[in-house]
Engineer: 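Got a structure for you, written out below as structure tokens; questions coming shortly.
Computation of the quantities below employed the complete heavy-atom set of this structure, encompassing side-chain atoms and omitting hydrogens, waters and symmetry-equivalent molecules. Per chain, numbering begins at 1; letters A, B, ... match sequence-line order.
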2 protein chains.
Amino acid sequence: MADSDPKLADTWARLSGLFSSRRDALFEQLAELGLNPPHGVALMSLLHAGPTRMGDMAETMVCDASYITAVADRLEELGLVERRSSPDDRRAKQLALTAKGEKVARRLDAVVTEPPPAMTALSKADRDALARIARKLGEPDTSRWMPPRSLR
Amino acid sequence: MADSDPKLADTWARLSGLFSSRRDALFEQLAELGLNPPHGVALMSLLHAGPTRMGDMAETMVCDASYITAVADRLEELGLVERRSSPDDRRAKQLALTAKGEKVARRLDAVVTEPPPAMTALSKADRDALARIARKLGEPDTSRWMPPRSLR
DNA sequence: TATTGTTATACTCTATAACTATA
DNA sequence: TATAGTTATAGAGTATAACAATA
């Protein structure tokens with residue numbers, strides 16, 4: 001097979017760079033907060049899904065339930081989430097954002113979901129053209145929030 | 001400040017999804033090969049930079065020199081790289097791709113650098129428009145190859 | 001004495017298995 | 001007996017410090 005269009009490769013490299021830098025920004029903010037990526041995923045998931053049972057969180061994050069204990073311990077230690085025992089099932093516990101945790105979660109979420117400055121700076125015509133093309137490139141993430149695998 | 005353009009956020013979500021899925025594909029291929037991301041970064045770096053002293057590789061990969069020993073051990077064990085003692089400095093060793101390693105490195109590199117299928121499938125007009133806009137969005141990765149931080 | 005790579009060791013991340021409280 | 005979360009433990013990934021060979 002012939003090599004693909006070099007101009008397209010350049011386009012892809014530029015778009016990839018944009019994404020990489022947002023990702024870097026996210027990880028940097030997490031590090032400043034003393035958090036690792038799973039901590040961030042948990043916070044953002046709670047922001048989108050509301051209080052969540054620990055077992056369900058393990059499913060969302062595609063990790064073992066025992067690790068959720070560790071993640072919750074750390075987030076609780078920082079005052080970002082709290083454990084609530086479920087009223088209906090006294091075995092289960094729900095994780096819920098504190099007020100402080102919600103602020104942090106919103107900030108992290110913005111880094112991921114807000115378009116990067118270079119995109120917002122585009123002319124209206126360019127943004128429209130880009131939107132039209134992007135619709136041909138794929139679907140956005142599912143309606144129910146799920147951590148992009150790239151954050152795991 | 002007002003919320004940013006929701007249409008632009010949708011555009012960004014779609015582009016991000018594209019990137020995430022390529023990243024997933026890379027990690028999947030690495031896992032199939034019994035490699036982890038640093039192994040992949042080392043291979044791709046060697047592909048772009050040629051034989052490299054272990055200390056320089058540690059600098060490229062932004063990790064400790066002792067970890068390069070472990071990475072090299074694994075890659076050597078799989079027959080993907082070989083250690084060569086430097087002719088000029090008998091303390092130093094160079095890492096170099098074997099023929100097999102070069103094939104693997106090319107395959108991994110393609111996953112990262114080749115535009116995703118959805119992009120290649122665009123019409124010429126769309127690709128040109130996208131290229132024009134992408135040039136306003138940022139520079140591609142530096143000329144001398146460096147692992148995107150998102151791969152670390 | 002300074003530098004290159006290796007080894008010994010320790011710390012973080014994450015999973016598996018055993019445990020407890022409840023259902 | 002089965003399920004939810006926790007604890008104990010183990011394995012990967014990665015760093016720091018001590019070391020051997022060479023400069």
Side-chain angles (χ1 to χ4, degrees), chain A residues 26-28 30-43 45-46 49 51-78 80-96 147 149-152, chain B residues 26-28 30-43 45-46 49 51-78 80-96 147 149-152:
Chain A
L26 174 67
F27 287 2
E28 205 172 296
L30 285 171
E32 278 168 21
L33 292 160
L35 300 174
N36 66 20
H39 296 137
V41 170
L43 289 175
S45 173
L46 289 172
T52 304
R53 283 165 56 137
M54 296 182 69
D56 292 344
M57 182 62 82
E59 207 171 309
T60 297
M61 291 179 54
V62 192
C63 72
D64 191 83
S66 68
Y67 184 50
I68 297 296
T69 298
V71 169
D73 284 349
R74 174 65 178 153
L75 293 175
E76 210 171 32
E77 176 189 347
L78 293 175
L80 301 175
V81 308
E82 61 183 18
R83 282 172 164 96
R84 299 176 186 162
S85 36
S86 289
D88 48 315
D89 184 339
R90 290 194 0 241
R91 288 172 304 181
K93 290 175 192 164
Q94 292 199 303
L95 255 32
R149 293 204 78 231
S150 53
L151 294 186
R152 303 194 315 238
Chain B
L26 174 67
F27 286 4
E28 207 172 293
L30 285 171
E32 279 168 22
L33 292 160
L35 300 175
N36 64 20
H39 296 138
V41 170
L43 289 175
S45 173
L46 289 172
T52 304
R53 285 166 56 140
M54 296 182 69
D56 293 345
M57 182 61 82
E59 207 171 310
T60 298
M61 291 179 55
V62 192
C63 72
D64 192 83
S66 68
Y67 183 51
I68 297 297
T69 297
V71 169
D73 284 349
R74 175 64 178 152
L75 294 175
E76 210 171 30
E77 176 189 347
L78 294 175
L80 301 175
V81 308
E82 60 182 18
R83 284 169 161 96
R84 299 178 185 161
S85 37
S86 290
D88 48 316
D89 184 340
R90 292 199 352 244
R91 289 173 304 182
K93 290 175 192 163
Q94 292 199 303
L95 255 32
R149 292 203 79 232
S150 51
L151 295 185
R152 302 193 316 237

Engineer: Where along residues 80-90 of chain B does a heavy atom come under 4.0 Å from DNA chain C, residue by residue in number order?
Structural biologist: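 The answer is B:R83.
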
Engineer: Between the side chain of A:T60 and the main-chain N/O of A:D56, is any donor-acceptor distance below 3.5 Å?
Structural biologist: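 Looks like yes, one N/O pair under 3.5 Å.
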
Engineer: Side chain of B:R91 only, please: which of C:dT6, C:dT3, D:dA4 is the nearest?
Structural biologist: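 The listed nucleotide nearest to B:R91's side chain is C:dT3.
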
Engineer: What is the separation between atom CD1 on A:I68 and atom P on D:dT7, rounded to the nearest whole Å?
Structural biologist: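 Value for this atom pair: 15 Å.
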
Engineer: Take atom CG of B:L35 and atom P of D:dG13, then tell me their distance rounded to the nearest Å.
Structural biologist: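 Going from CG in B:L35 over to P in D:dG13 covers 10 Å.
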
Engineer: How close or far is atom C1' of D:dA12 from atom CZ of B:F27, stated in whole angstroms?
Structural biologist: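 Interatomic distance, CZ of B:F27 to C1' of D:dA12: 16 Å.
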
Engineer: Could you measure the distance from the OG1 atom of A:T52 to the CD atom of A:E59? Nearest 0.5 Å is fine.
Structural biologist: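 That separation rounds to 11.5 Å.
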
Engineer: About how many Å separate CG of A:L95 and CG of A:L46, when rounded to the nearest 0.5 Å?
Structural biologist: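 Nearest 0.5 Å value for the CG-CG distance: 5.5 Å.
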
Engineer: Rounded to the nearest 0.5 Å, what separates atom OG in B:S45 from atom CE in B:M61?
Structural biologist: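 If I round to the nearest 0.5 Å, the distance is 8.0 Å.
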
Engineer: For B:D73 and D:dA12, give me the distance from atom CG to atom C1', rounded to whole Å.
Structural biologist: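 Taking CG of B:D73 and C1' of D:dA12, I get 15 Å after rounding.
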
Engineer: Looking at NZ of A:K93 and CD1 of A:I68, how far apart are the two atoms once the value is rounded to the nearest 0.5 Å?
Structural biologist: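 Separation between the atoms: 13.5 Å.
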
Engineer: For B:V71 and for A:M54, locate the closest nucleotide of DNA chain D by heavy-atom distance; then report the residue assigned to the nucleotide nearer the 5' terminus.
Structural biologist: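 By nearest-heavy-atom nucleotide position, the 5'-most residue is A:M54.
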
Engineer: Can you measure A:N36 atom CG to D:dT14 atom P for me and round it to whole angstrom units?
Structural biologist: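 From A:N36 CG to D:dT14 P: 14 Å.
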
Engineer: A:R53 CZ to C:dT22 C1': how many Å, rounded?
Structural biologist: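 To the nearest whole Å, that distance equals 12 Å.
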
Engineer: Over the length of the helix from C:dT1-D:dA23 to C:dA23-D:dT1, how much do the five-pair end axes diverge, rounded to 10 degrees?
Structural biologist: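 Rounded value for the end-axis angle: 20°.
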
Engineer: Specify the closest pair of heavy atoms between B:L75 and B:A42, including all atoms of both residues, with the distance to one decimal.
Structural biologist: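 Residues B:L75 and B:A42, closest heavy atoms: CD1-CB, 4.0 Å.
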
Engineer: Return the polar atom pairs (N/O with N/O) between nucleotides 16-19 of chain C and the protein under 3.5 Å, or none.
Structural biologist:
{"unit_1": "C:dT16", "atom_1": "O4", "unit_2": "A:S66", "atom_2": "OG", "d": "2.8"}

Engineer: Please round to the nearest 0.5 Å and tell me the distance separating atom CG of B:L33 and atom NE2 of B:H39.
Structural biologist: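 So the CG of B:L33 and the NE2 of B:H39 are separated by 11.0 Å.
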
Engineer: Just how far, in rounded Å, is C1' of C:dG5 from CG of B:D56?
Structural biologist: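 Nearest whole value for this atom pair: 13 Å.
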
Engineer: Any chance you could measure A:M57, atom CE, to A:M54, atom CE, to the nearest 0.5 Å?
Structural biologist: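 So the gap between those two atoms works out to 9.0 Å.
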
Engineer: Under a 4.5 Å cut-off applied to non-hydrogen side-chain atoms, are A:L35 and A:L80 in contact?
Structural biologist: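 Side chain of A:L35 against side chain of A:L80, heavy atoms only: contact under 4.5 Å found.
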
Engineer: Whole angstroms only, please: what is the CE-P distance between A:M57 and C:dT14?
Structural biologist: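 The answer, rounded to whole Å, is 15 Å.
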
Engineer: Of all the choices, C:dT6, C:dA23, D:dG5, which nucleotide is nearest to the side chain of B:T69 once you look at every atom?
Structural biologist: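 My answer, after comparing the listed nucleotides, is C:dT6.
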
Engineer: Would you name the heavy atoms of A:P51 and A:R84 that are closest together and state the gap between them?
Structural biologist: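 In terms of heavy atoms, the two residues are closest at CG-NH1, 3.9 Å.
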
Engineer: Under 3.5 Å, is there a donor-acceptor pair between the side chain of A:R83 and the main chain of A:E76?
Structural biologist: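 A pair under 3.5 Å: no.
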
